[in-house]
Each structure stands twice: as C-alpha cells, then as structure tokens.
> 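The structure under discussion is supplied below as structure tokens; questions concerning it will follow.
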Amino acid sequence: MSSSSLPPLVALVGCTAVGKTDLAVELAGRLDGEIVGADSRQIYRYMDIGTAKPTPAQRDAAPHHLIDLIAPDEEFSLARFQELALDAIAAITARGRLPLLVGGTGQYVQALIEGWTVPHVPPQPDLRAELAAEAARAGVEVLSRRLAAVDPQAAASIGPTNLRRLIRALEVYQVTGVPISLQQAKVPPPYRFTTVWLEMPRDRLYERIDTRVDQMMDAGLVAELRDLRRRSYGWDLPAMSSLGYKEFRPWIEGSASLDLCVQTLKWNTHAFARRQIAWFKRLPALRRIGAGPTAAREIGDLLASSGRGVLP
C-alpha cells in the first residue's frame, strides 16, 4: 500500500502548559476528529488536577480516549499504551473521523509513530526490588555495567543513571534471555503521520507553568492528594512519585512548608518541560507551529495543503 493511500493521523505534541488541550479540542471540531491521549499520567483515575486532565466541558466538546484507564496502583506499560492507542485509532478511522494523538509524553508518541515493538514481559516485582536495592547500596552504575555486559547497545542508549530503564532492560533479559535491544524492532503502523510541535518562547512557557500550578492549588490539588493518601496509595507507586504529587510529600510529612513545595513543583515542571523538548526533537515528520490564536488555522491549512486532513 502506498503511503498516500494510508489513512491520516495527526500527532500534536508540546510542553506541559503550552495549550495542547484547548487546541486539540478546537482541531477536533474543525477536522471532525477524536482525541487519543498520549500522556503517561492522565491514564490514572482520581488524579485529575495534578495531571491537568481535560475538563468535563472539554471532553463534552470532543471525544477523548485513553484517559482514566487504571487505578494509581495498577501497572501500565509502553506496550499496553501502544495496544490501546492503536485500537482507539483504528476505531476512529473506521468511523470516518480523524484521529488526533495528543500529549506530552514524547516516548509514547515516538513509539507509536515509529512502530516500536516492545517486549511483552510482565513486571517482576521481586526482581525489580532486588535490583533497586542493589542500586541503592552500590550505585546505579553497577546495574549499567551489568547491562553493558549482556546488551551494550541498550546500555549505551539508556545511559548510566536512568535507574528505571536499566532495571527494565535487565528484567527483560533475565526473563527472556534475549537482550531488550534485539526485541525492539520498528514496524511503522499503517497511517500517514503529520506531527505538529506546538511551541512557545521558554520564558513565556515558564510563566504559564507557574500560573497553572497556582490554578491547580486554587482548584484543590491538596485535597486531591489527601484523597489519594486516604485511598492508601503509597509514595512508592509510579503514579504517586510523578510530577504534581511527589513534591508535596515533605509537607505531608511535616518537613517542609506548603509554599516551598509549591515552588518546588514550579521548578520541577520547568525542568520537565526541558526534558520534553529533548524527546520532541527526535520525532519524525515534525512541523513546528507557534502557540497562539491562529495555531488551529495554521494546522488546518498545513493538513489541507498536504492532503492529510482530507478523510477517505
């Protein structure tokens, strides 16, 4: 099948607080589209304010998929995201509508666009705990050296300090006996991708981040966190150790003021935005568009000129 005959898919990425959600809802209305979330935190239930989920009004204005999928103590993997996202995209396409892949988790978007094949190896809690304890005792570098001995390609790609990914690579190798790098072939999915990066000057983005954190506090972020703790979700969970929640642990435990935790969240979100940019630079078929009132029109013009916005 030629690329021109493949159904279209638009991926919209951008740093946190840049305005992706509002723009995606507007695009869905203009282009008869539905939104597929690509956010590794909005999959969790009960975590609405801290993850900046689309509001009920936004969800009413455009269909959203891959939000509120699991409880905060449930496991979720990149492979599972790919499976669910491709199912949602196929269903949207079958309805004759345009799928809009929208989010700030660059790894999710890149994996889907490039068609990564991800090993379907269930988490091994005991092994993970053992490796994490070893890293705490002897340093993360010991795991990096061990991985380099069996999978130098993965070790070089992951780097010596990314504990979570080092543990996963060692886990996959120990369970399957095959290096994870050999299990990560790329099979591009059957879609024509247009990837749009919504950009904004860094100083203005930081201002928007800080304003949004203040709005989250006004909207009840502390109450949401207390509700999560009341439900017995512990700090060791990936969901609870994510941006927007982990920063308040010192205040909950009485070792820091609330104001300091709020400021830490702002600083951490600035740093997170910089890491997002590093992911976005890797994406293929990338077009950059400035955030602002004309962004939806510019994207619509881009899709129309390329033929990608015309549905079969």
Side-chain angles (χ1 to χ4, degrees), residues 6-45 47-70 76 78 80-113 189-200 212 276 279-280 283 285-287 289 291-293 295-304 306 308-312:
L6 295 174
L9 190 155
V10 176
L12 174 64
V13 302
C15 293
T16 183
V18 77
K20 295 185 300 295
T21 302
D22 285 336
L23 177 58
V25 170
E26 184 177 353
L27 284 174
R30 284 174 175 255
L31 304 174
D32 192 27
E34 298 185 27
I35 297 166
V36 179
D39 189 295
S40 62
R41 300 184 303 142
Q42 292 183 356
I43 59 170
Y44 295 114
R45 294 191 287 270
M47 303 178 77
D48 301 335
I49 299 171
T51 66
K53 282 180 190 168
T55 65
Q58 289 169 328
R59 295 197 218 185
D60 287 342
H64 284 71
H65 307 269
L66 272 63
I67 293 175
D68 288 337
L69 295 179
I70 60 173
F76 193 80
L78 177 59
R80 182 62 174 152
F81 165 76
Q82 286 180 296
E83 178 184 349
L84 293 173
L86 288 171
D87 285 348
I89 290 166
I92 294 166
T93 299
R95 289 191 285 272
R97 310 193 78 192
L98 178 67
L100 302 168
L101 182 69
V102 180
T105 303
Q107 185 185 42
Y108 278 15
V109 177
Q110 186 177 6
L112 196 66
I113 290 176
Y191 298 99
R192 286 182 290 131
F193 283 96
T194 297
T195 309
V196 177
W197 179 357
L198 188 65
E199 291 189 302
M200 178 177 290
R212 190 169 76 172
Q276 287 179 301
W279 272 108
F280 300 153
L283 298 176
L286 189 65
R287 299 292 295 268
I289 288 182
R297 178 180 55 78
E298 291 179 50
I299 295 172
D301 291 345
L302 168 67
L303 297 176
S306 67
R308 293 171 188 254
V310 180
L311 297 175

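FYI, side chains are in, hydrogens and waters are out, and symmetry mates aren't considered; it's all heavy atoms of this structure.
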> Give the minimum heavy-atom separation between Gly96 and Asp32, together with the two atoms involved.
O-OD2, 4.1 Å
> Give the minimum heavy-atom separation between Gln58 and His64, together with the two atoms involved.
O-CE1, 3.4 Å
> For Asp39, give me all partners under salt bridge (Lys or Arg N to Asp or Glu O under 4.0 Å), at least two apart in sequence or on another chain.
none
> Could you work out, with side-chain hydrogen bond (donor to acceptor under 3.5 Å, both in side chains) as the rule, every residue matching Glu199, not counting sequence neighbours?
Arg288
> Please name the pair of heavy atoms, one in Leu101 and one in Ala38, separated by the smallest distance, quoted to 0.1 Å.
CD1-CB, 3.9 Å
> Enumerate the salt bridge (Lys or Arg N to Asp or Glu O under 4.0 Å) contacts for residues 101-111, please, sequence neighbours excluded, ordered by first and then second residue.
none
> Looking at every heavy atom in both Ala88 and Leu66, which two are closest together, and how far apart are they?
CB-CD1, 4.2 Å
> Using the side-chain contact (heavy atoms from CB on, under 4.5 Å) criterion, which residues pair with Ala24? Sequence neighbours excluded.
Leu12, Ile35, Val102
> Write out all pairs satisfying ring-ring contact (aromatic ring centres under 6.0 Å, His included) with one or both partners inside residues 89-112, taking only residues at least two apart or from two chains.
Phe81-Tyr108
> I'd like to check Ile299 versus Leu23 (side-chain heavy atoms, cut-off strictly below 4.5 Å). Are they in contact?
yes
> If you measure from CG on Leu9 to CD1 on Ile92, what distance do you get to the nearest 0.5 Å?
8.0 Å
> Walk me through whether Leu84 and Ile43 qualify under side chain to side chain contact (heavy atoms under 4.5 Å, CB included).
CA-CA 11 Å; Leu84 293 173; Ile43 59 170; over 6 Å; no
> Could you check if a side-chain atom of Arg95 sits within less than 4.5 angstrom of a side-chain atom of Glu34, using non-hydrogen atoms only?
yes
> Under 4.5 Å between any side-chain heavy atoms of Arg41 and Thr105, yes or no?
no
> So, using side-chain hydrogen bond (donor to acceptor under 3.5 Å, both in side chains) as the criterion, who are the partners of Thr195 when residues are at least two apart?
none
> Kindly indicate whether the side chain of Leu27, heavy atoms from C-beta on, has any atom under 4.5 Å from the side chain of Val10.
no
> Going by side-chain hydrogen bond (donor to acceptor under 3.5 Å, both in side chains), name the pairs with one or both residues in residues 11-21, residues two or more places apart or in two chains.
Thr16-Arg212
> Quick check for you: to the nearest 0.5 Å, what is the distance between Trp279 atom CH2 and Cys15 atom SG?
14.5 Å
> Using the side chain to side chain contact (heavy atoms under 4.5 Å, CB included) rule, take Thr51 and Tyr44 through it: C-alpha gap first, then chi angles, then the decisive distance, then the call.
CA-CA 9 Å; Thr51 66; Tyr44 295 114; 5.9 Å; no
> Test of understanding: with side-chain contact (heavy atoms from CB on, under 4.5 Å), list the residues that count as partners of Glu83, not counting sequence neighbours.
Arg80, Asp87
> Of all heavy-atom pairs between Pro7 and Thr93, which one has the smallest distance, and what is that distance?
CB-CG2, 3.8 Å
> Output, in order, the C-alpha distance, side-chain angles, deciding distance and verdict of side chain to side chain contact (heavy atoms under 4.5 Å, CB included) for Ile89 and Tyr191.
CA-CA 10 Å; Ile89 290 166; Tyr191 298 99; 3.3 Å; yes
> Holding to side-chain contact (heavy atoms from CB on, under 4.5 Å), I want the full list of residues that pass it with Glu26, two or more places apart in sequence or in another chain.
Arg30, Ala296
> Compare all side-chain heavy atoms of Pro54 with those of Gln42 and state whether any distance is below 4.5 angstrom.
yes
> Hey, does Arg97 have a side-chain heavy atom less than 4.5 Å from the side chain of Pro63?
yes
> Holding to side-chain hydrogen bond (donor to acceptor under 3.5 Å, both in side chains), I want the full list of residues that pass it with Glu298, two or more places apart in sequence or in another chain.
Thr294
> So, using side-chain contact (heavy atoms from CB on, under 4.5 Å) as the criterion, who are the partners of Arg45 when residues are at least two apart?
Asp68, Ala71, Glu74
> CG/Asp48 to CD1/Ile67 distance, rounded to the nearest 0.5 angstrom?
9.5 Å
> Taking all non-hydrogen atoms of both residues into account, name the closest pair between Met47 and Lys53 and its distance.
O-CE, 3.1 Å
> Using side-chain heavy atoms (C-beta onward) and a distance below 4.5 Å, is Val196 in contact with Leu198?
no
